[in-house]
Amino acid sequence: MRILVVEDEQNLRSLTVKRLEEEGYSVDACEDGREALEYASMTEYDAIILDILLPKLDGLQVLRTLRAKKDRTPVLLLTARGAVEDKVEGLNSGADDYMAKPFSYEELLARLRVMIRRQAVDVTENRLELADLSLDLNTREVRRGGKIIQLTQKEYALLEYLMCNKGLVLSREKIEQHIWNYDYEGGSNVIDVYIRCLRKKIDDGYPNKLIHTVRGMGYVMREQA
Ligand code: CA
C-alpha cells in the first residue's frame with residue numbers, strides 16, 4: 001500500500017514517514033499543497049495523510065481540488081487541536097477521517113487501516129480471505145489451511161494489495177505503483193521476482209493455486225485459473 005504524507009513540519013513529516021515505513025507501507029512525502037496535487041496526479045495512492053495548515057495551498061483546498069477531479073483516494077486530515085470548524089469543513093469537503101494534533105501513531109495506523117480496508121473489494125472483520133488463505137490486517141498474520149506462513153515485509157505488502165483486489169487483474173505497472181515509492185530504483189522484473197517468492201510460499205504444494213498470471217496483462221488472485 002502506498003501512502004502520501006503532506007506535512008510542512010519537517011520533524012513530524014519524517015517521523016510519520018518512518019513509522020509508516022516500519023509498518024511496511026511505501027511512502028512519499030511532500031511539504032506544501034501544490035506539491036501534494038502534483039504527487040496525487042502522478043500516482044494512485046491508497047491513502048493521503050494531509051495536514052490542513054500548509055504553505056501555498058492549504059489542505060482543505062487540496063482536498064477540494066482532488067474531489068472536484070473525481071479523485072476518491074481516502075484522505076485523513078490532520079488538524080490543529082481544537083479547530084472544530086476545520087474538522088467539520090474537512091468532512092464536508094470529502095475527507096474520510098481526521099485527527100487532531102498531537103496524535104498517537106498507534107491511532108493513526110489503526111485509522112489508516114480502516115480507511116484502506118473500506119476500499120478493499122471484500123473484507124470480513126479484519127481479514128481478507130480467499131479459499132483457505134487468510135490475511136489478518138491487524139496482526140499481519142498470513143495462514144493457508146491453518147498453517148502460518150512467514151513473509152518478508154515486501155512480500156506481505158504485495159500479497160495484501162493483491163488480496164484487497166482479488167478477482168481483478170492487476171498490471172505490473174499498477175502493482176509497482178502501489179508497492180514501491182519514488183525512491184525505489186529496481187529492475188523492471190522486480191514484480192515477477194516477488195510474485196515467484198510469494199507463489200513458493202502460498203501456492204507450492206497446494207493443488208488449488210491462488211496466484212495466477214494473465215498473459216500480457218498481469219496478475220490476479222482467484223480460485224480458478
Ligand atoms: Ca502544518
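Reckoned from all heavy atoms, side chains included, excluding hydrogens, waters and symmetry mates. Ligands are counted one by one from 1 in listed order, and the atoms in each one are counted from 1 as well. Numbers here are sequence positions counted from 1.
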Following the transitive rule for hydrophobic clusters with a side-chain heavy-atom cut-off under 4.5 Å over Ile, Leu, Val, Met, Phe, Trp and Tyr, establish whether Leu53 and Leu63 coincide in one cluster.
-> no
Among all residues two or more places apart in sequence or in another chain, which pass the side chain to side chain donor-acceptor pair (under 3.5 Å) test with Glu107?
-> Arg111
Sum up the protein N, O or S atoms located under 3.0 Å from the Ca ion (ligand 1).
-> 3
Could you identify which residues cluster with Val214, counting Ile, Leu, Val, Met, Phe, Trp and Tyr as linked when any side-chain heavy atoms lie under 4.5 Å apart, either directly or through a chain of such contacts?
-> Val169, Met217, Val220
Using a distance-only test with no angle check, is there a side-chain donor-acceptor pair under 3.5 angstrom linking Asp192 and Tyr219?
-> yes
Charged tip of Arg144 within 45° of Tyr206 ring normal and under 6.0 Å = yes
Taking only residues two or more places apart in sequence or in another chain, which ones pass salt bridge (Lys or Arg N to Asp or Glu O under 4.0 Å) with Glu89?
-> Arg64
